[in-house]
A.B. asks: 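Encoded as structure tokens, here's the structure I'll be asking about.
In this text, all values refer to a predicted model and were calculated from it rather than measured experimentally. We name chains A, B, ... by the order of the sequence lines, and we start the count at 1 in each one. Every heavy atom of this structure was used, including side-chain atoms; hydrogens, water molecules and symmetry mates were not.
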Amino acid sequence: ALRHNTQRRKKHKNDLPHPNRPGLFDQTPVSNGRHACKKHELYVSFSDLGWKDWVLAPPGYSAYYCDGECDYPLGSCMNATNHALIQLVVHLIKPDEVPKACCAPTKLSPISVLFYDDNNNVILKKHRNMVVKTCGC
Amino acid sequence: GQMEGMVHSSFRRLSGREKKEMQKEILSILGLPGRPRPHPPLRPPSSAPLFMLDLYHAVSAEGDEGLSVGFIPESVSHAALPTLSTHTPPLGTVVSEADTVMSFVNLVEHERDLLQPRPYWKEFRFDLTPLPQGETVTAAEFRIYKSLTVGQKANRTLHISVYEIQREKRHREPELVLLDMQSVPAGQEGWLAFDVTSASNHWLLQPRSNLGIRLYVEMEDDRSLSAGWVGLVGRRGPRSKQPFMVTFFRASQAPCRPPR
């Protein structure tokens with residue numbers, strides 16, 4: 001079912017959290033008076049979180065996140081590409097009701113985290129297809 | 001600038017609960033267990049963090065450049081590439097394909113008393129129980145540093161063999177299974193890497209069967225030597241040269257994110 005979230009419709013650009021800057025696609029046209037999803041960049045700093053003593057590397061990582069009306073948000077086992085595809089298909093069928101998805105990643109990059117566990121062992125965890133580097137909005 | 005001002009004005013401080021939730025979310029996304037609580041007494045430090053940091057840089061460079069690394073880059077030669085190794089497995093592919101790499105601190109180090117009859121040996125043990133779920137071992141290495149010792153004849157060859165201790169018997173020698181063997185010049189120093197994949201698989205299936213590994217050193221004439229005499233660094237050695245074990249895991253299937 002489609003969600004019609006009236007609260008999010010009132011969002012303005014200045015709702016962006018500091019220090020994350022607006023994304024490249026912030027000028028996405030409004031569909032039927034609703035804000036289509038927009039891409040923003042967020043930097044997660046392990047130092048700011050106070051995790052520097054057990055997360056050896058990296059110091060932090062940046063990632064994109066969407067802000068806007070996503071009618072088919074990410075759920076269990078659904079990745080961003082599938083989510084965007086579904087929303088795009090529904091947008092083509094009902095262009096006035098469902099905004100065009102703008103968060104289809106075209107290139108996903110891996111991220112690795114190096115950290116200590118309870119036994120002083122060191123673990124390198126690699127996440128494939130984790131960070132969206134290029135957006136195909 | 002105007003935009004930045006607007007952004008600043010909208011920034012608000014998160015409440016304690018929101019902060020905790022945000023941190024929980026980041027931990028969940030990255031699959032991190034949270035701040036470790038080391039079991040007292042603290043285990044002795046090891047050289048594994050240096051090796052793992054080198055490995056991390058190699059993996060990150062691979063990701064950034066989008067290159068398919070078929071070998072461990074030169075940048076990791078400090079700790080990852082054994083300078084003495086004669087037949088280490090091609091770890092490059094293993095590293096590229098690994099989803100998780102874990103280093104294990106050496107917990108136990110037994111040595112044959114020099115007053116006892118030969119052959120000399122040294123035993124090491126690693127606790128492999130905190131393993132990543134849904135992942136299988138693709139490779140495992142035991143890494144030990146060989147330093148230079150005074151009085152060694154550089155042209156002599158040392159045969160170093162590593163065995164899995166399969167069954168201990170009272171007052172008798174335990175059952176041993178050969179895991180790996182290397183022949184190295186006595187006059188060289190550097191890291192030695194022994195393939196212990198089969199032992200780690202065995203320990204994962206039956207954790208109670210983990211009795212550790214045993215190392216022997218012999219000369220060309222089959223004369224047994226103490227590991228310390230030939231410069232193999234143990235727990236009493238410098239921090240950056242402590243022996244450790246590294247295991248490479250690969251996820252059995254694509255991880256499924258829990259709904260949030």
Side-chain angles (χ1 to χ4, degrees), chain A residues 11-22 26 40 42-46 48-61 63 65 73-80 107-131 133-134, chain B residues 3-12 19 22-23 26-27 29-39 42-46 48-49 51-53 55-57 59-60 62-64 66 95 98-105 107 126-127 129-130 132 244 246 251 254-260:
Chain A
K11 272 200 162 188
H12 298 291
K13 266 181 188 164
N14 61 0
D15 289 341
L16 295 175
H18 171 81
N20 303 302
R21 56 189 168 79
D26 277 1
H40 304 290
L42 172 81
Y43 184 75
V44 176
S45 164
F46 292 133
D48 291 351
L49 287 164
W51 297 351
K52 217 178 170 183
D53 56 333
W54 65 278
V55 178
L56 292 167
Y61 72 100
Y65 73 97
L74 293 173
S76 173
C77 297
M78 183 191 260
N79 64 28
K107 188 186 171 190
L108 292 162
S109 297
I111 180 175
S112 302
V113 190
L114 191 67
F115 60 98
Y116 277 107
D117 73 356
D118 293 345
N119 300 314
N120 268 0
N121 299 325
V122 184
I123 301 168
L124 174 66
K125 211 168 178 65
K126 204 193 300 179
H127 298 273
R128 297 165 197 280
N129 307 328
M130 179 77 177
V131 178
K133 289 279 183 182
T134 316
Chain B
M3 185 62 184
E4 202 179 350
M6 288 164 76
V7 170
H8 275 267
S9 65
S10 69
F11 176 61
R12 68 178 178 86
K19 264 186 194 172
M22 183 73 80
Q23 293 193 6
I26 293 164
L27 288 172
I29 289 168
L30 292 171
L32 300 176
R35 182 179 295 283
R37 293 179 178 84
H39 305 303
L42 278 173
R43 301 246 162 80
S46 82
F51 171 84
M52 294 297 281
L53 211 53
L55 210 58
Y56 165 81
H57 288 307
V59 167
S60 302
E62 178 191 347
D64 289 346
V95 173
D99 290 298
T100 307
V101 185
M102 281 183 83
S103 71
F104 296 95
V105 179
L107 303 175
F126 305 90
D127 181 10
T129 46
F244 64 95
V246 60
C256 187
R257 283 199 214 179
R260 291 189 299 275

A.B. asks: Roughly how far, to the nearest 0.5 Å, is CG of A:Leu124 from OG1 of B:Thr100?
C.D. replies: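 Going from the OG1 atom of B:Thr100 to the CG atom of A:Leu124 covers 8.0 Å.
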A.B. asks: How long is the gap from CD1 on A:Ile123 to CG on B:Leu32, to the nearest 0.5 Å?
C.D. replies: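 Separation between the atoms: 9.0 Å.
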A.B. asks: For B:Leu53 versus A:Ala57, what's the shortest heavy-atom pair and its separation?
C.D. replies: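 Smallest heavy-atom distance, with atoms named: CD1-CB, 4.2 Å.
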A.B. asks: Looking at A:Phe115, A:Trp54, A:Trp51, which makes the most heavy-atom pairs under 4.5 Å with chain B?
C.D. replies: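 Option with the top pair count is A:Trp54.
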A.B. asks: Rounded to the nearest 0.5 Å, what separation is found between the CG atom of A:Asn120 and the CG atom of B:Asp127?
C.D. replies: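 If I round to the nearest 0.5 Å, the distance is 12.0 Å.
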A.B. asks: Walk me through whether B:Met102 and A:Val122 qualify under side-chain contact (heavy atoms from CB on, under 4.5 Å).
C.D. replies: CA-CA 6 Å; B:Met102 281 183 83; A:Val122 184; over 6 Å; no
A.B. asks: Mind listing the closest non-hydrogen atom pair of A:Asn121 and B:Ser103 along with its distance?
C.D. replies: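 Heavy atoms only, the tightest pair is CB-O, 2.9 Å.
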A.B. asks: Are A:Lys126 and B:Val101 packed together at the side-chain level, in the sense that at least one heavy-atom pair is separated by less than 4.5 angstrom?
C.D. replies: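 No - every pair of side-chain heavy atoms lies 4.5 Å or more apart.
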A.B. asks: Could you give the distance from CG (A:Asn119) to CZ (B:Phe104), rounded to the nearest 0.5 Å?
C.D. replies: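 One finds 9.0 Å between CG of A:Asn119 and CZ of B:Phe104.
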A.B. asks: Would the distance check show the side chain of B:Arg35 and the main-chain N or O of A:Asp53 forming a donor-acceptor pair, the cut-off being under 3.5 Å?
C.D. replies: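 No; judged by distance alone, with no hydrogens or angles, the pair does not exist.
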A.B. asks: Could you go step by step and tell me if B:Met52 and A:Leu56 meet the side-chain contact (heavy atoms from CB on, under 4.5 Å) rule?
C.D. replies: CA-CA 10 Å; B:Met52 294 297 281; A:Leu56 292 167; 5.9 Å; no
